[in-house]
Protein chains: 2
Amino acid sequence: MSVHSVNHTNIYYQGADKILLAVDCIIFGFDKNLLKLLLFKRKVEPFKNEWSLIGRFIREDENINNAAEKVLEECTGLNDVFLEQLFCYGDASRDPGGRVVSIAYYALIRLDEQKEQSVEDFHAHWFDVNEVPELILDHNAMIEAAFEKLKQKARVQPIGFELLPEKFTIPNLQALYESIYQVNLDGRNFRKKILSMGILEKLDEKDKTSSKKGAYLYKFNQEKYENLLDKGFGFEI
Amino acid sequence: MSVHSVNHTNIYYQGADKILLAVDCIIFGFDKNLLKLLLFKRKVEPFKNEWSLIGRFIREDENINNAAEKVLEECTGLNDVFLEQLFCYGDASRDPGGRVVSIAYYALIRLDEQKEQSVEDFHAHWFDVNEVPELILDHNAMIEAAFEKLKQKARVQPIGFELLPEKFTIPNLQALYESIYQVNLDGRNFRKKILSMGILEKLDEKDKTSSKKGAYLYKFNQEKYENLLDKGFGFEI
DNA sequence: TCAAAAGTGTTCAAGTTACACCCATGT
DNA sequence: ACATGGGTGTAACTTGAACACTTTTGA
């Protein structure tokens with residue numbers, strides 16, 4: 001990997017310890033009204049073939065955010081998706097394979113856009129968020145933290161839409177929030193609240209995959225949302 | 001510094017780049033009803049003698065949290081204070097002195113407990129949060145992020161008390177929240193709300209430093225707070 | 001006696017929660 | 001014709017916001 005390194009002079013900071021730095025990605029998806037996580041069979045020792053998050057070491061010349069974006073793109077084929085730093089895990093003994101500090105990122109992706117191919121290449125599998133297997137190192141803790149963060153953030157920012165296809169029904173959206181908050185919501189109140197914000201655009205199209213009557217499809221309208229933000233509106237659900 | 005290094009074998013991860021890792025601490029205090037930040041004159045090149053956060057490199061054998069605790073203790077004489085990881089800054093070019101990834105921590109300390117001595121030894125100064133000078137590297141951005149986080153977190157967790165002396169008055173507490181949220185609050189509503197939570201203990205003692213009449217002192221009651229948490233109570237202000 | 005901060009209740013508007021029935025349609 | 005999920009309104013309650021005067025006491 002070090003063939004990529006820029007030769008930083010480091011004339012000032014000689015003598016300080018250098019440490020292996022990694023990124024690990026917690027990847028959320030939403031499918032068949034269930035919240036999912038993408039996990040991988042680890043390809044290297046130690047812990048080869050055990051379930052784990054996907055990640056790799058950061059190169060010396062690489063922004064940490066770019067490293068996370070590249071990891072995500074390599075394993076899902078997607079770029080330009082929601083990806084945010086979560087937390088930095090740095091206990092000296094967290095990895096018996098060596099002293100590695102890991103920066104965890106979490107991503108929200110649209111499962112319908114994802115390339116099946118990439119998932120298979122990486123021996124990956126989508127797990128229900130409530131059926132995550134035992135993972136290597138502190139990866140289960142990372143997932144816990146990411147899920148907590150998602151719960152908090154989804155309440156005050158319209159990031160739920162990052163997990164849905166461009167067109168979705170109100171019952172889809174409700175099921176998404178139910179699986180994020182792990183509660184049941186009242187259909188009438190939910191609909192009233194989300195529609196009253198004025199950030200959804202109703203289409204003249206119905207989705208009949210889950211009922212005979214069919215449910216109207218909606219789109220999230222980013223411009224309307226940003227206009228409202230400017231006027232001091234605060235998303236909350 | 002590397003005299004402290006454990007000789008990690010790293011038999012698995014050879015070939016990956018190693019990177020300098022640092023911690024930087026954003027230290028909040030509250031004095032004379034103003035929210036303050038502790039800043040330092042940098043002692044090393046590059047940027048020697050410019051204002052900066054306090055920080056140092058992480059050693060190979062050191063938990064990142066411990067490193068932050070030690071930095072805080074060295075410069076304030078305090079341990080066992082509120083200290084939490086904020087964010088990891090890792091653009092490849094953020095520091096012209098070398099490739100350094102920095103993990104920012106923010107701390108809330110009680111100014112009345114702080115040892116004056118330590119502050120002077122470190123050429124430190126307490127700045128009003130609205131009068132922060134230009135700092136080196138991305139330290140101004142770190143402070144912005146920490147202040148944002150404080151605003152969010154103070155709303156839903158009783159961390160404000162970490163900034164106040166053990167005994168404080170309701171007007172003190174109100175002034176603290178006013179300087180965190182940067183707004184004026186209604187005295188009656190504030191008092192009503194905070195007292196109705198049942199987490200403050202009224203003492204038979206008055207503080208007369210800021211008025212002739214004097215204001216009753218209160219203490220935060222951690223046990224009551226935890227009992228309420230168990231019952232599903234949510235702090236919010 | 002007066003200046004300066006501490007302390008105290010009520011009203012109104014807005015938002016949240018709870019709750020039950022009809023609709024449309026494919027089988 | 002019936003089973004299935006989609007869609008609709010109202011009333012009770014809770015919460016947050018606005019607002020003015022009295023109390024205490026050191027100087």
Side-chain angles (χ1 to χ4, degrees), chain A residues 30-34 154-156 164-165 167-179 181-219 228 231-237, chain B residues 32-34 151 154-156 164-165 167-219 228 231-237:
Chain A
F30 185 68
D31 187 37
K32 305 207 178 64
N33 287 349
L34 290 173
R155 198 170 297 277
V156 294
L164 291 171
K167 301 172 180 182
F168 52 86
T169 69
I170 304 290
N172 288 158
L173 186 60
Q174 179 175 343
L176 170 63
Y177 277 98
E178 286 179 334
S179 60
Y181 301 149
Q182 305 269 297
V183 294
N184 290 323
L185 299 172
D186 178 280
R188 283 167 291 193
N189 292 338
F190 179 81
R191 180 181 294 267
K192 206 188 319 171
K193 194 163 179 178
I194 196 83
L195 289 177
S196 74
M197 291 186 196
I199 56 177
L200 295 188
E201 196 175 316
K202 187 175 184 173
L203 306 177
D204 262 337
E205 216 178 325
K206 280 190 166 187
D207 169 31
K208 297 207 168 182
T209 57
S210 73
S211 81
K212 292 155 186 172
K213 183 180 178 180
Y216 280 103
L217 287 164
Y218 289 78
K219 267 170 137 166
L228 287 169
K231 292 169 190 154
F233 161 86
F235 182 91
E236 189 146 345
I237 202 160
Chain B
K32 306 210 177 65
N33 287 350
L34 290 172
K151 284 178 194 177
R155 199 169 296 280
V156 293
L164 290 172
K167 301 173 180 182
F168 52 85
T169 68
I170 303 291
N172 287 159
L173 186 61
Q174 178 174 344
L176 171 63
Y177 277 98
E178 287 178 334
S179 60
I180 292 174
Y181 302 148
Q182 304 268 296
V183 295
N184 291 323
L185 299 172
D186 178 280
R188 283 167 291 193
N189 291 338
F190 180 81
R191 180 181 294 265
K192 205 186 321 172
K193 195 162 180 181
I194 196 85
L195 289 177
S196 73
M197 292 185 195
I199 56 176
L200 296 188
E201 197 175 316
K202 187 174 183 173
L203 305 177
D204 262 336
E205 217 178 322
K206 281 190 164 186
D207 168 32
K208 296 204 167 184
T209 57
S210 75
S211 81
K212 291 153 187 176
K213 182 178 179 181
Y216 279 102
L217 288 164
Y218 289 78
K219 268 169 133 167
L228 287 169
K231 292 170 190 153
F233 160 85
F235 182 91
E236 190 146 344
I237 201 157

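First the proteins, then the strands, lettered A, B, ... as listed; each starts at 1. All heavy atoms count here, side chains included; hydrogens, waters and symmetry mates do not.
- In this structure K202(A) satisfies the side chain to side chain donor-acceptor pair (under 3.5 Å) test with no other residue, sequence neighbours excluded.
- L195(B) contributes atom CG, which lies 13.0 Å from atom NZ of K193(B) (distance to the nearest 0.5 angstrom).
- Across M197(B) and E236(B), no two heavy atoms sit closer than the pair CE-O, 3.3 Å.
- Between F30(A) and S179(A) the shortest heavy-atom distance is CE1-OG, 3.3 Å.
- Shown here for G187(B) and Q174(B), the closest heavy-atom pair between the two residues is CA-OE1, 3.4 Å.
- Contact of the R155(B) side chain with the F235(B) side chain is not registered, since no non-hydrogen atoms from C-beta on lie closer than 4.5 Å.
- Counting heavy atoms from C-beta on, the side chains of F190(B) and E178(B) never come closer than 4.5 Å.
- Here the CD1-CG distance, from I194(A) to L173(A), works out to 5.0 Å after rounding to the nearest 0.5 Å.
- Of the residues in residues 167-178 of chain B, those with a non-hydrogen atom less than 4.0 angstrom from any atom of DNA chain C are P171(B).
- Taking NZ of K32(B) as the reference point, atom CG of N172(B) lies at 13.0 Å (rounded to 0.5 Å).
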Distances for protein N or O near nucleotides 23-27 of chain C N or O, under 3.5 Å:
| from | atom 1 | to | atom 2 | distance (Å) |
| --- | --- | --- | --- | --- |
| dC23(C) | O2 | K213(A) | NZ | 3.2 |
| dG26(C) | OP1 | K208(A) | NZ | 2.9 |

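- Reading DNA chain D from its 5' end, the first and the last nucleotide to sit under 4.0 Å from a heavy atom of chain A are dG5(D) to dT10(D).
- Side chain R188(A) to base dA20(C): a donor-acceptor pair is found below 3.5 Å.
- The nearest heavy atom of DNA chain D to K202(A) and to S210(A) marks one nucleotide each, and the one closer to the 5' end goes with S210(A).
- When the C1' atom of dC19(C) is taken as reference, atom CG of L185(A) falls 16 Å away, rounded to whole Å.
- Using a 4.5 Å cut-off on side-chain heavy atoms (C-beta onward), N33(B) and L176(B) make no contact.
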Per-pair distances, 0.1 Å, donor-acceptor, side chain in residues 210-218 of chain A, under 3.5 Å, sequence neighbours excluded:
| from | atom 1 | to | atom 2 | distance (Å) |
| --- | --- | --- | --- | --- |
| S211(A) | OG | G214(A) | N | 2.9 |

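- Nearest heavy atoms, Y177(B) versus I237(B): CE2-CG2, 3.5 Å.
- Using a 4.0 Å cut-off on heavy atoms, the residues of residues 189-196 of chain A that approach DNA chain C are N189(A), K192(A), K193(A), listed by number.
- Note on E205(A) versus K167(A): salt bridge recorded, some NZ/NE/NH1/NH2 to OD/OE distance being below 4.0 Å.
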